[in-house]
Amino acid sequence: MKRIASILALAVVLAVALAAQSASAQTLKTVKDRGMLNCGSNGTLAGFGLPDAQGKWAGLDVDFCRAVAAAIFNDPAKVKFVALTAKDRFTALQSGEVDLLARNTTWTSSRDTSLGLNFTGVNYYDGQGFMVRKALKVNSALELAGASVCVQQGTTTELNLADYFNAHKMQLKTVTFATADEAIKAYDAGRCDAYTTDASGLYAERLRLANAGDSIILPDIISKEPLGPAVRHGDDQWFDIVKWVHFAMINAEELNITSKTISDALKSDNPEIKRLVGADGNFGEQLGLTKDWVVRIVKHVGNYGEAFERNVGQGSSLKISRGLNALWNKGGIQYAPPVR
Amino acid sequence: MSAAETTVRPRRSLLTNPTLRSIVYQVLLCVAVGLLVYAAISNAADNLARARIATGFGFWNTTAGFDISQTLIEYSSRGSTYGRAFWVGLLNTLLVGGLGIIFATVLGFVIGIARLSSNWLVAKVAAGYVELIRNLPLLLQLLFWYNAVLKTLPDTRDSYVVAGSVFLNNRGLVLPRAVLQAGSGALALTLLAGMVAAVVYRIWAKRRQALTGKPAPVLKVIAALVILPPLIFVALHGFPAVFEFPERGRFNITGGVEVLPEFAALLFGLVIYTAAFIAEAVRAGIQSVPSGQVEAAHALGLRPNLALRFIVMPQAMRVIIPPLTSQYLNLVKNSSLAVAIGYPDLVQVFTGTVLNQTGQAVEVVALTMAVYLVISLTASLVMNIYNRLIAPVGERA
């Protein structure tokens, strides 16, 4: 018996070592074999990632995951969303629990390098702001000297906050919570004078306060927060696919191709449109997808503008204007390299 | 076994030699475990290198750049390093763990003894406390206490103020801070000398009573030894510290010493929860003492509280100490639930923010686990030594 046990133990050791070795780069193949895209998403942020009462996920990042699934499977429903906290998100991507992280994540140099991630683009240009109670009669973040500020852990927010108050030689009392949920509850209970996060998040979180009307969002934006999807280092094909799904959505908007006009676009004579929808060339196949990859994305999810308006813009409860996220030819900085 | 028997024993093959076999199996097992550990480590290192994730403790001396709400040692977001943040978190854990152990022990012993009280009401209240607290998840209780603290206390503007210098509101309790002046060291020395004298006196008094049966006044003398010297010092030289009084600022009370509501809620929650378990250990210990012991004590004319103190508790302690040690370890480990209510303990600061900013999960988590292991093993060692000291003389190993 004992000998059998030790042989078994050795076999287990070898199996573990070998299995771990073989977990490598082929993300697209893994996703296709699984028949499902595993997407790391925010589970609590309206506008970006939040399941509704029926358990149906909605949000800008959620739609991005659906677009990737649509491009691969021609079915936007083939996504398994994994709700991640700010703290756990990178570990989940690094360890392979998710294939793609689309969770309002700020693109920074250290995350791009030492965390072993590749950011594929910016699907929302954001900046950090403050929410305060109206009763405090504060009009600018510069008047917050000595204030207590509630903040969520594991975000770039903590660092920006300390930098901003240091730069303006103001005193600060930070109260740090593990999740946005706990931080906003503490703010609501009066533990802090201000709550800080990305401006888009402030609009979303304000809706959850007991009295949303009692709080205002200060005009000051204290940082650059380019939010975007990320994948693991080491799989260039997968990196390209995720990157170009985003570019395809922006190009579609630029060429006025929407989920409603996609059938007309297929008959278009415009060479740019012909290349984008796959009537001309084999750009989808070069990515490892099919010719009609953009048609699949736009038909099921829509172009970037449609996803924006539906989730955070005028079609949503957040009513955020396009601002920096308008296309480059409409006053914003959303710009995509051409498909050709 | 006699000599005659050994000669007739059949010769055994080396393969069936029990000693050899057991050695071989143990060596094989050690090799297997070693291989498993080696495989896990080299595999992790391989995968980290392949994904080009940074490794090593190079981040230790990098500027942390984030703020921490409660720091027992000097720390600032501007210049302090991740290493410094680690120590801040560790001290915060030890603070809440240390105070928690003291308060939970006192409360636990009181409840445990009360549960055996002959007073029906006292016994039932204690039993109700134990059953209620022990059967609710700790995380839930912590959230309850945190919200109880935040919701019942007033806003900063409507703070409760005592004597114009102590403020209580939902941002915490703010007390005047003593700023030490020259001569404070001498005062501390005076106090220390008094305490040492008190301990020496107590040992002398105990020994004399054991030898001669003559009791010496203990409480009064000890109180005098501890209190009088510092009082005389202050009367001669004046008080060697000035107080910095907190004041109302625009948003918060500024200055003074602050006790955060997160700290209060965590300490309160841990003490209440752990005390329930300690109470059960105490009850079990007391009930393990044969009732003949109590009856004999009463027959000798000892009053109930003296019987408890001199006859029952010393014997009960031997049963109480092992589970008590487990509860101490649990309390320290449970303090990591601080992360849910925003108290900056080791887990919150180090495996929270530091891990996230550096991304070096393997190093950070391994170090944190090592720290908890060291804390737990140290506590365990101390309790084992104490347990050996109170064992009856004949049973000491």
Side-chain angles (χ1 to χ4, degrees), chain A residues 2-3 5-7 9-10 12-14 16-17 20-21 23-24 86-87 90-91 94 110-111 113-117 136 143-148 150-151 153-156 158-159 161-163 165-166 171-179 182-183 185-186 189-194 232-234, chain B residues 21 25 28-29 31-33 35-36 38-40 42-44 46-48 50-54 59 64-69 76-78 143 146-147 150-151 154-156 169-171 249-252 254 258 260-262 339-342 344 348-349 351-353 355-361:
Chain A
K2 271 186 181 173
R3 186 174 309 164
S6 15
I7 291 169
L10 271 175
V12 168
V13 171
L14 288 173
V16 167
Q21 294 286 326
S24 66
K87 263 175 80 176
F90 301 120
T91 318
Q94 286 166 346
S110 65
R111 286 175 176 178
T113 54
S114 74
L115 287 192
L117 313 181
L136 289 175
E143 296 168 32
L144 286 174
S148 295
C150 281
V151 61
Q153 189 174 49
T155 59
T156 45
E158 280 181 274
L159 215 61
L161 180 67
D163 286 352
F165 276 75
N166 279 336
Q171 289 289 313
L172 161 75
K173 292 184 177 180
T174 355
V175 192
T176 313
F177 293 88
T179 67
E182 286 149 5
K185 268 186 211 142
R191 175 67 184 88
C192 301
D193 301 300
R232 272 183 298 281
H233 270 172
Chain B
R21 283 178 65 145
Y25 287 137
L28 274 180
L29 188 66
V31 169
V33 170
L35 273 177
L36 188 66
Y38 172 78
S42 67
N43 185 42
D46 257 20
N47 283 336
L48 289 175
R50 195 170 326 131
R52 275 174 279 153
I53 297 172
F59 66 87
F66 62 91
D67 265 309
I68 301 177
S69 57
S76 86
S77 62
R78 206 176 285 203
L143 291 172
Y146 186 50
N147 282 303
L150 286 191
K151 296 253 158 74
D155 210 54
T156 346
N169 56 44
N170 61 7
R171 307 275 171 84
R250 165 145 193 212
F251 296 104
N252 281 307
T254 58
E258 218 176 358
L260 297 177
E262 290 81 30
V339 71
I341 57 170
Q348 209 243 19
V349 171
T351 62
T353 307
L355 189 159
N356 212 271
Q357 289 192 5
T358 62
Q360 293 184 242

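Residue numbers start from 1 in every chain, and the chains themselves are labelled A, B, ... in the order their sequence lines are given, proteins ahead of strands.
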Practice problem: Measure the shortest side-chain to side-chain distance between A/Lys173 and B/Glu258 over non-hydrogen atoms and say whether it is less than 4.5 angstrom. | Solution: yes
Exercise. Heavy-atom distances under 4.5 Å only: say whether A/Ala183 touches chain B with side chain, backbone, both or neither.
Key: neither
Quiz item: Is B/Ser69 close to A/Thr176 at the side-chain level, that is, under 4.5 Å between some pair of heavy atoms?
Solution: no
Quiz prompt | Segment of A/Cys150 engaging chain B (4.5 angstrom heavy-atom cut-off) | solution = neither
Quiz item: Taking every heavy-atom pair that is under 4.5 Å apart, which of B/Gln360, B/Gln357, B/Lys151 has the most such pairs with chain A?
Solution: B/Gln357
Self-check item: Structural part of B/Ala44 lying under 4.5 Å from a heavy atom of chain A
Solution: neither
Exercise. Check whether A/Arg191 gets within reach of chain B through its side chain, its backbone, both or neither, counting any heavy atom under 4.5 Å.
Key: both
Quiz item: Is a side-chain donor or acceptor of B/Asn252 paired with a backbone partner of A/Gly146 at a separation under 3.5 angstrom?
Solution: yes
Self-check item: Proximal component of B/Ile341, with respect to chain A [non-hydrogen, under 4.5 Å]
Solution: backbone
Exercise. Could you look at B/Thr358 and say if it's the side chain, the backbone, both or neither that has a heavy atom under 4.5 Å from chain A?
Key: backbone
Exercise. Ignoring hydrogens and angles, tell me if any N or O in the side chain of A/Glu182 forms a donor-acceptor pair with the backbone of B/Gly342 under 3.5 Å.
Key: no
Self-check item: Closest non-hydrogen atom pair between A/Ala189 and B/Leu150, with its separation
Solution: CB-CD1, 3.8 Å
Exercise. Flag the one option from B/Pro344, B/Ala361, B/Ala340, B/Gly249 with the top tally of heavy-atom pairs under 4.5 Å to chain A.
Key: B/Ala340
Self-check item: Segment of A/Leu117 engaging chain B (4.5 angstrom heavy-atom cut-off)
Solution: neither
Quiz prompt | Residue among A/Ser110, A/Ala186, A/Ser148 with most heavy-atom pairs under 4.5 Å to chain B | solution = A/Ser148
Quiz item: Side chains of B/Phe66 and B/Val349: does their closest heavy-atom pair fall under 4.5 Å?
Solution: yes
Exercise. Would you give the length of the straight line joining atom CD1 of B/Ile68 to atom OG of B/Ser77, rounded to the nearest 0.5 angstrom?
Key: 9.5 Å
Quiz item: For A/Thr113, is it the side chain, the backbone, both, or neither that has a heavy atom closer than 4.5 Å to a heavy atom of chain B?
Solution: backbone
Practice problem: Among A/Thr179, A/Thr156, A/Asn166, A/Val151, single out the residue with the greatest number of heavy-atom pairs under 4.5 Å to chain B. | Solution: A/Asn166
Quiz item: If you count heavy-atom pairs under 4.5 Å with chain B, which of A/Gln153, A/Gln171, A/Lys185 comes out on top?
Solution: A/Gln153
Quiz item: Going by heavy atoms in the side chains, are B/Asp155 and B/Asn169 under 4.5 Å from each other?
Solution: no
Quiz prompt | Winner by heavy-atom pair count (cut-off under 4.5 Å) against chain B, out of A/Ala178, A/Ala145, A/Gly190 | solution = A/Gly190
Quiz prompt | Contacting moiety of A/Glu143, where chain B heavy atoms sit under 4.5 Å | solution = both
Practice problem: Please look at A/Phe177 and chain B and tell me whether the side chain, the backbone, both or neither of the residue comes under 4.5 angstrom of a heavy atom of that chain. | Solution: both
Exercise. Compare all side-chain heavy atoms of A/Glu158 with those of B/Asp67 and state whether any distance is below 4.5 angstrom.
Key: no
Quiz item: So what's closer than 4.5 Å to chain B heavy atoms on A/Leu144: side chain, backbone, both or neither?
Solution: both
Self-check item: B/Phe251 CZ to A/Leu136 CG distance, which is reported to the nearest 0.5 Å
Solution: 5.5 Å
Quiz prompt | Main-chain N/O of B/Leu143 paired with B/Asn147 side-chain donor or acceptor, under 3.5 Å | solution = yes
Quiz item: What residue in A/Thr174, A/Asp193, A/Thr91 has the most heavy-atom pairs under 4.5 Å with chain B?
Solution: A/Asp193
Quiz item: Between A/Lys87 and chain B, which part of the residue has a heavy atom less than 4.5 Å away: side chain, backbone, both or neither?
Solution: both
Self-check item: Toward chain A, the part of B/Tyr146 with a non-hydrogen atom under 4.5 Å
Solution: side chain
